[in-house]
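A short write-up of the structure that comes next.
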Amino acid sequence: MDVHAWISVATLVAAMALFISKVVPLAVTALCIPVVLAVTGTLPADECLAGFGDRAVIAVAAIFILGAGLQECGVATLVARGLERLGGRSPTRSILVIMIAVAGLSAFMSNSATVAVFLPAVAVLARRTGIEPSRLMMPLGFAAILGGTLTLIGTTPNLILGSLLRKRTGSPLGMFEFAEVGAPLTLAGIAFMAFLGWRLLPRHDAQSRRGDAPLPEELAQSYGFTKNLHRKKVRAGWGVTGANLAQARVGSAYHLDVVLVLRAGRMGQRSLHPGGDLVLEAGDELYVEGEEADARRLGLEQGLAFGTADPTELERILGRGVTLAEVTLAPRSAALGKTLRDLRFRNRFGLNAISVWRGDQVLTQGTGDLELQLGDSLLVSGAVAGIRQLARDPDWVVLGENGIRAEDVSRAPLAVGLLLLAIVPPLFNILPLAISAMAAALLMVFLGCLTPQNARRSVDFTILFLVIGTIPLGTAMETSGVAAKLAQAVLFLQGHFGEAGLMASLFFASAILSTTSNNGAAAVILAPVAAMSAEAAGAPISKAFLAVAYGASCAFVLPFAHQCNLMVMGPGGYGTKDFARVGGLMTLVVASRAVALLCL
């Protein structure tokens, strides 16, 4: 090997050491790679900067935004609610439902974002069924990782390898080509965890662990909110038509709280904030909370049509940008001894005080005229912005403020349509994924599915810079002959064990590299090795790339091997030994299945 080859090896070793130690931020280390290669003359400057214009980088950034849009529009929340309804008291059944739902969603969303959405739902499922959270959380994390093997957009390595294969052969990996092996892999992993893996997990009593803040659904149940929820419809020409909510005196005359107003629009119903100046129109649907007798009196006197409010109506309310929160008074609060009416609570914060928990009683009538006492807890409803504003007020304490969020699921169909806009054109070779995904991501912002601020926050620039920085390193390894030397070592195993040896060596090399550094970097570095090994062995390059891709997603043995593992580690109460025991067996299941299927 010449001097440039040794520079490539030294750069690779130094980068790997810094990736593992994290002494320097990962993004900084990655961006130093093209600088070193250019300064030493190992690669021309244009090739060192090629990562900035690579299609894979653009596609990865766009997929981050699409995933955030799906989350903000409540697509994942709708799936999570279905999970709660289908999950039973059997650990096996619950794990099957959880893992199938999570894997399906993570095929199109960021793996970590999928876990973040399902964590609260799984926590609720554990509380309601009595199943220890430690039996459910690791299957949740593993399912998100497995789901990334199903599609081209499932993980960053898949996108990178698809782009690199297109450059090398002219034909990229298809959107669902990964599923040919990824689907059996995922099913094998789900079966292992559902029937055996969960039995190897530790048992932690859910009551003995510090749980997360109560979810809105749990708060509603604790305060009896769902029992006193009623739906009314404004009739044309009757009582409150044309009056605003203040004039209708729903609260003062009927002791009811208006939680949400729905109004028909061109694109379906839209939710309106129930402020005092909101003018009611014929056809408006009002969700009010209070005693049934008061609700009936309102309907009879004001000519409102009655409607049933079954338990699913709570989901409808929480899916319209409204959330519930529990608040209490701070010590030495200036609100002590005063009423909510004195404090102009609704006008200041835009929130409704639904009920007050005092001692062992839940008070639902006349909450606006109750003199507040230390120890009172209030159930309030409204927009997240109002609850955040309340949390900043020194007189109030919002319990579990960090977990408060609300989603408007009315835009879920639009978000799903934009996802299809991203993935369908590449299926029929109409547009490359980078263009279709970028167009869909822009429409996510333009159509209001995602705010520009949240779009920026959704992009993981560390991963982008890792890909940008390691692309020229992969090129340098190939042009300097380093990749060919490594390919010879792989071919040695292929000579003794056949195609299975080739696929297994690429799979485990990718798994080790991605566990110790980053899966995107592993894909870029091993791509030229995989290509040369496959060409020399007479095997399809696409199969070799798939072996690298599946290996990059085999991150089960250590908690820090994947962000999904870290996210479930705390809620599940796991230690490193738990991941080594269960994740080690999962690795054997996935690896053996992948190698066997790739050799067919």
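Not measured: the values here are computed from a predicted model.
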Report yes if the side chains of [X] and [Y] come closer than 4.5 Å at any heavy-atom pair, otherwise no.
| X | Y | result |
| --- | --- | --- |
| Pro432 | Pro426 | no |
| Trp357 | Thr328 | no |
| Ile131 | Trp198 | no |
| Tyr287 | Lys232 | no |
| Lys233 | Leu286 | no |
| Ile190 | Phe142 | no |
| Ser134 | Leu201 | no |
| Val288 | Leu229 | no |

**Request:** Name all residues meeting the salt bridge (charged side-chain N to carboxylate O under 4.0 Å, His left out) criterion together with Arg235; count only those two or more places apart in sequence or in a different chain, and write none if there are none.
**Result:**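 Residues passing salt bridge (charged side-chain N to carboxylate O under 4.0 Å, His left out) with Arg235: none at all.
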**Request:** For Asp395, enumerate each residue passing the salt bridge (charged side-chain N to carboxylate O under 4.0 Å, His left out) test, keeping only those at least two apart in sequence or located in another chain.
**Result:**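 Salt bridge (charged side-chain N to carboxylate O under 4.0 Å, His left out) check on Asp395 returns nothing, list empty.
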Shortest non-hydrogen contact from [X] to [Y]?
| X | Y | result |
| --- | --- | --- |
| Cys449 | Cys73 | CB-SG, 3.4 Å |
| Val250 | Leu298 | CG1-CD2, 4.3 Å |
| Val102 | Ala144 | CG1-N, 3.6 Å |
| Met438 | Ala62 | N-CB, 3.7 Å |
| Leu146 | Leu185 | CD2-O, 4.3 Å |
| Ser377 | Glu326 | CB-OE2, 3.8 Å |

**Electrostatic pair Glu281-Arg263, nearest N-O below 4.0 angstrom** = yes
Distance, nearest 0.5 Å, that separates [atom1] of [X] from [atom2] of [Y]:
| X | Y | atom1 | atom2 | result |
| --- | --- | --- | --- | --- |
| Ile463 | Thr156 | CD1 | OG1 | 4.5 Å |
| Ile98 | Met193 | CD1 | CE | 10.5 Å |
| Leu464 | Phe64 | CG | CZ | 6.0 Å |
| Arg296 | Tyr254 | CZ | OH | 15.0 Å |
| Ile354 | Asp257 | CD1 | CG | 4.5 Å |
| Leu140 | Cys564 | CG | SG | 8.0 Å |

**Request:** Test side-chain contact (heavy atoms from CB on, under 4.5 Å) on Ser381 and Leu351 and set out the steps.
**Result:** CA-CA 6 Å; Ser381 70; Leu351 302 174; over 6 Å; no
**Item:** Set of residues satisfying side chain to side chain donor-acceptor pair (under 3.5 Å) with respect to Arg249, sequence neighbours excluded
**Value:**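 Partners of Arg249 by the side chain to side chain donor-acceptor pair (under 3.5 Å) criterion come out as none, since no residue qualifies.
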**Prompt:** Quick one: side chain to side chain donor-acceptor pair (under 3.5 Å) partners of Thr462, sequence neighbours excluded?
**Reply:**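 Checked Thr462 against side chain to side chain donor-acceptor pair (under 3.5 Å); zero matches.
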Between [X] (side chain only) and [Y] (backbone N and O only), is there a donor and an acceptor less than 3.5 Å apart?
| X | Y | result |
| --- | --- | --- |
| Asn352 | Arg346 | no |
| Ser106 | Met109 | no |
| Ser94 | Ser90 | yes |
| Gln302 | Gly299 | no |
| Arg135 | Gly572 | no |

**Request:** Show your working on salt bridge (charged side-chain N to carboxylate O under 4.0 Å, His left out) between Lys338 and Glu371 and close with a plain yes or no.
**Result:** CA-CA 5 Å; Lys338 297 180 181 179; Glu371 289 189 1; over 6 Å; no
**Request:** Start with the C-alpha gap between Gln373 and Leu336, add the side-chain angles, then the distance that decides, and say whether side-chain contact (heavy atoms from CB on, under 4.5 Å) holds.
**Result:** CA-CA 6 Å; Gln373 301 175 7; Leu336 287 170; 5.5 Å; no
**Prompt:** So Val327 and Trp396, side-chain contact (heavy atoms from CB on, under 4.5 Å) or not? Walk me through it.
**Reply:** CA-CA 7 Å; Val327 302; Trp396 300 92; 4.2 Å; yes
**Request:** Using the side-chain contact (heavy atoms from CB on, under 4.5 Å) rule, take Leu324 and Val380 through it: C-alpha gap first, then chi angles, then the decisive distance, then the call.
**Result:** CA-CA 6 Å; Leu324 300 176; Val380 299; over 6 Å; no
**Asked** Can you name the one residue among Ile153, Val459, Leu152 that meets side-chain contact (heavy atoms from CB on, under 4.5 Å) with Ile63?
**Response**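 Exactly one option meets the side-chain contact (heavy atoms from CB on, under 4.5 Å) with Ile63, and it is Ile153.
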Residues 417-425, side-chain donor-acceptor partners within the protein, below 3.5 Å, at least two apart:
none

**Request:** Under the side-chain contact (heavy atoms from CB on, under 4.5 Å) rule, collect the residues that match up with Thr155, sequence neighbours excluded.
**Result:** Asn111, Pro157, Asn158, Ser553
**Prompt:** When you look at CD of Gln389, are more than 12 heavy atoms from neighbouring residues, nucleotides or ligands closer to it than 6.0 Å?
**Reply:** yes
